[in-house]
Amino acid sequence: MNYDVLVVGAGFAGCTLAQKFAEFGKKVLIIDKRAHIGGNMYEEKRANNVNVHKYGPHIFHTNYEEVFNYLKKFTGFYFYEHRVIGYIDGKYVPIPFNFKSLELLFEEKKSLEIKNKLLNVYKNMDKVSILELLNSDDEVIKKFGEYVYDKVFVHYTAKQWNIPIEEVDKSVINRVPVILGYDDRYFQDKYQFMPKNGYNEIFNNMLNNKNITIKLNTDSKEVINIDIEKKNILVYGEKFDGKVIYTGPLDELLNYKYGPLPYRSLNLVFEDRLENYYQPMSVVNYPNDNKFTRITEFKYLSNQIVKNNTTILKEYPLTYDYMNKEHVPYYAIFNERNLNLYNKYCYCLKDISNFYLCGRLAEYKYYNMDAVIKRALDLFEEIKGEK
Ligand code: FAD
Ligand code: UDP
């Protein structure tokens, strides 16, 4: 094989590493089993001309200046702060739950009492974890915590994860805080922007390098064979001494020999509608009895103007079945058992020194886009000089 580096998967993990190695003068082959690059950030145009994110809504936000500066090489950005409302007891209220949500759902005297308590107990803090409120010694705060837990978290989480909320990893629940004020942004990061011409342009520009060859509709199964006994990687049947970067699921790579790694998946249902707008903002969460978790209306994310037409997306969570070719493994499910299984797969590969794992699937992590790019940039620095 006339390449120095083989990258499996053309999402942000794979494309960042491919781009960095190509810039470093290495010949890179990047493959993806899908018919397009861009991983889960891929966008497509519907018949009504509305641009949508095919694999669910993707909003860029980061505290890593390095990541933002890196992406700026491949696209222009426009300022976009994401706001979400939740449909609770027949009212639309800001999510994360903030003082405005409180005022909308509690009568004036009670909401004033809770606000004062929160400001007193959590002095100098902008936000607090719902789990901390639940454990408060203060009766008013604890009761308020139980209310928010029930109205915002319990039902949404039951739908999303299909296990009791107590069994969901705390880091997942803590992604959505309770805001101690009127900040109504979904994310609190320093940099909040969307790519001016969409995500596809970023990926096209990242891979636009004479040192990079792209092969689509190509599953790594057809290309790589790992000989664990001999500690070798065969690429197209020949021993390969270059670097192999793998960003797909590990269980699949190793033929599920210890059993499948559990994931949650989504049934993404798009609806094209003959109206200018369907809902008041880009995302409305449904932390209640509806079977979907949220509805996204894409025109708000892109600022696209398409008269009398709009497209919405309803996300219906479902259990991932690795045998079902329609299913996408979206969310790793953290618990001790699953992490042990993941580590067992990693252990098999520990002696193969030119094989690297990167990304949401390969590392079995709940990475946001920026965290994946950061991890890929760090990995590149770690391994670029290795023989
Ligand atoms: P992916 O984007 O999944 O790319 C992996 C690629 O590898 C895929 O193209 C796949 O086809 C390919 N592949 C897999 N196996 C093989 C194989 N055997 N052979 C060949 N190719 C293979 N993050 C944010 O920052 N903001 C958001 O708003 C946001 N929204 C999200 C919404 C949803 C519904 C989900 C599920 C995630 C969201 N994320 C968001 C997270 C974001 O999608 C991930 O951080 C990002 O996709 C990770 O990039 P990746 O390259 O690791 O994986
Ligand atoms: N969550 C919730 N209610 C909401 C929003 C989020 O209970 O209205 C919980 C739920 O468990 C979810 C987690 O917080 O899985 C993380 O939410 P986030 O919006 O970050 O999920 P993502 O956008 O990654 O799907």
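Read the numbers this way: they start at 1 and go in the same order the structure lists the ligands and their atoms. Since we're looking at a predicted model, the values are computed, not measured.
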Fill in the blank from the handout: Going by the 4.0 angstrom heavy-atom rule, the piece of Val8 near ligand 1 is side chain
Problem - Which segment of Tyr331 sits under 4.0 Å of ligand 1 when only heavy atoms are counted - result: side chain
Handout entry: Within-cutoff protein neighbour (heavy atom, under 4.0 Å) for atom 11 (O) of ligand 1
Key = yes
Practice task
Could you name the option among Tyr366, Phe97, Tyr186 that has the heavy atom nearest to atom 21 (O) of ligand 2?
Solution key: Tyr366
Handout entry: Per atom 16 (C) of ligand 2, closest listed option by heavy atom (Val172, Val152, Ile88)
Key = Val172
Practice task
Give a yes/no verdict on whether any heavy atom in Cys358 is under 4.0 Å from an atom of ligand 1.
Solution key: no
Problem - ligand 1 versus Pro57: contacting region, heavy-atom distance under 4.0 Å - result: backbone
Practice task
Record the part of Lys221 in heavy-atom contact with ligand 1 below 4.0 Å; permitted values are side chain, backbone, both and neither.
Solution key: neither
Problem - Identity of the nearest option to atom 45 (O) of ligand 1, non-hydrogen atoms only, from Tyr186, Tyr367, Phe203 - result: Tyr367
Completion exercise
the protein heavy atom lying closest to atom 25 (O) of ligand 1 turns out to be Met369 N, 2.8 Å
Problem - Under-4.0 Å heavy-atom contact with ligand 1, by part of Ile37 that carries it - result: neither
Handout entry: Side chain, backbone, both or neither: Asp32 near ligand 1, heavy atoms under 4.0 Å
Key = both
Completion exercise
Near Asn285 (heavy-atom distance under 4.0 Å), the atoms of ligand 2 are 4 (C), 5 (C), 8 (O)
